[in-house]
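The figures here come from the full heavy-atom set of this structure, side chains too, leaving out hydrogens, waters and symmetry mates. Letters A, B, ... mirror the listed sequences (proteins, then strands); counts begin at 1. Since the model is a prediction, treat every value here as computed from it, not as a measurement.
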Protein chains: 2
Amino acid sequence: MSATYLHPRPALTVDCVIFGLNTGLDELWVLLVERGQKPFKGRWAIPGGFVRVGESLETAARRELDEETGLRDVFLEQLYTFGEPDRDPREHVVSVTYYALVNLDDYELEAGTDAKKAAWFPVKRREKELAFDHRRILDVALARLRGKLSYQPVGFELLPRKFTLSQLQRLYEIILEQPVDKRNFRKKVLAMGILRDLGEVQENVRHRAAKLYAFDEKAYRQKEKAGFHFEL
Amino acid sequence: MSATYLHPRPALTVDCVIFGLNTGLDELWVLLVERGQKPFKGRWAIPGGFVRVGESLETAARRELDEETGLRDVFLEQLYTFGEPDRDPREHVVSVTYYALVNLDDYELEAGTDAKKAAWFPVKRREKELAFDHRRILDVALARLRGKLSYQPVGFELLPRKFTLSQLQRLYEIILEQPVDKRNFRKKVLAMGILRDLGEVQENVRHRAAKLYAFDEKAYRQKEKAGFHFEL
DNA sequence: GCAAAAGTGTTCACCGTACACCCATGG
DNA sequence: CCATGGGTGTACGGTGAACACTTTTGC
């Protein structure tokens, strides 16, 4: 394939910052791929690649994510577009970035098509030497994720379908990297009215069994439409 | 100029949604340009154009804005990137959009270089037939401007250097398109501590002269750094 | 004196926050 | 019985919202 243009154009890529939480809720992870080619060969990078003519940005993001890591059906949200001319040493590359938060256990990583390895890294242990300006992109994504968490019920989908309030609280604490008051958290989250009490409890735990809840998506959609705010 | 690429690339443009307020504070305006060429020849559009290789997105946005409307030194903020393949009938064009809010009286519109006319339009009287998907872009920008207004002191720069609290209030009311309680507004805005009472009053008004205030940028920067929130 | 906008306080309801102890279970 | 996490309520202060009259000025 080849194309000629009257004026040279910057290249256009999409990059996906995928945050992951395991069901154990230990830590926040980020999905990176090892670069198989120059530049930055051998360095870890945010998965992404070139946008093809005729595909939407989000489609491109999904495709690249699938190709490089095997992840599919992720809910992506646009983050920011980075376009400094020197962010790629080869040429001027503009990158439209997306981010998402997924349950890490739901996805099996596959080897990328072009000898790329994909792996989860703890966000806390900041891998210093990411390729390109990907450290900066990661930082922007993390700030956005935290900002969003405080005014929208992000993350319910990440938990097992039946979860305890403590699990939900731990989720918030891990992402925000700060402790949350148990009683106030429960009050607020129950007051939102988007959790269904399943009437079941945990089994085989060596402490008092916790009640199980489910995310009531129908109620959520309704309240969202009505302009309800979900601050936490 | 010409360039050949192994793979065809989408074209890359920047578009600038410039909102304007006149000092009279009558209405919110948006800056549009009349298209001189196909497609959508004769239709009004958001100013913008193609990104050149080697220039940053924001630089490109400033350049296009200047070329098409004569506006310079505008504080632009990135809005969103639109990349649906069919948003331009000619070919796949990805547009990185920016927005800004300026004092309309500070800027003299100049005729664009390529026979484009630039003009301010009231946002309320929605010009239906904008070029491309620019109606949608405008809507997104408007939503963002309003959202931002409620948690940041946007717009102080738009007023004359010496302004009254009523003027500031009117600014908010125009942008939000809803009335604001006078006493509560004054309380909150004064409590922020980012206004300097100039000890002067209006002259030649046929009603009680209002106190004049100035935006205390130094105080603002300090409070901002300290993580202060400016909700309104 | 009248029109037009400036200026000014209080009350109330609600919400965020801080805070500590008993309960159920498995081992 | 002990270790582990589950579960619960109240008091306080601060904040957002509603609300009406007096003051100043130019004409």
Kindly indicate whether the side chain of [X], heavy atoms from C-beta on, has any atom under 4.5 Å from the side chain of [Y].
X: B:V140; Y: B:V17; value: no
X: A:I137; Y: A:F132; value: no
X: B:Y99; Y: B:I46; value: no
X: B:L159; Y: B:T164; value: no
X: B:L28; Y: B:K124; value: no

What is the distance, rounded to the nearest whole Å, between atom [atom1] of [X] and atom [atom2] of [N]?
X: A:L25; N: D:dG5; atom1: CG; atom2: C1'; result: 15 Å
X: B:R208; N: D:dT24; atom1: CZ; atom2: C1'; result: 5 Å
X: A:E203; N: D:dG6; atom1: CD; atom2: P; result: 16 Å

- request: Would you indicate whether B:K223, at its atom NZ, is surrounded by more than 12 heavy atoms from other residues, nucleotides or ligands within a distance under 6.0 Å?
  value: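 Counting neighbours around NZ of B:K223, more than 12 heavy atoms of other residues, nucleotides or ligands fall under 6.0 Å, so yes.
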- prompt: Near A:K148 NZ, under 6.0 Å, is it more than 12 heavy atoms from other residues, nucleotides or ligands?
  reply: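 Enclosed.
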Say whether, by atom type as modelled, one donor and one acceptor occur between the side chain of [X] and the main chain of [Y] under 3.5 angstrom.
X: B:E177; Y: B:I175; answer: no
X: A:N103; Y: A:L158; answer: yes
X: B:D181; Y: B:N184; answer: yes

message: Using a 4.0 Å cut-off on heavy atoms, which residues in residues 143-170 of chain A reach DNA chain D? List them by number, or say none.
response: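 A:S166, in order of number.
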message: Need to verify one output field. Residue with the more 5' nearest nucleotide on DNA chain D, B:N204 or B:E231?
response: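 Upstream on the strand: B:E231.
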- prompt: 5' to 3' on DNA chain C, which nucleotides open and close the contacts with chain A (atom under 4.0 Å from a heavy atom)?
  reply: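 The contact span of chain A on DNA chain C goes from C:dT17 to C:dG26.
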query: In terms of the nearest nucleotide of DNA chain C, which residue is placed more toward the 5' end: B:H207 or B:Y213?
result: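 Between the two, 5'-proximity favours B:H207.
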- prompt: Listed in order of residue number, which residues of residues 171-201 of chain A have a non-hydrogen atom at under 4.0 Å from DNA chain C?
  reply: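 Contacting residues: A:D181, A:R183, A:N184, A:K187, A:K188.
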message: So if I apply the salt bridge (charged side-chain N to carboxylate O under 4.0 Å, His left out) rule between A:D139 and each of A:R144, A:R126, A:R146, which one comes out positive?
response: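 The single option meeting the salt bridge (charged side-chain N to carboxylate O under 4.0 Å, His left out) with A:D139 is A:R126.
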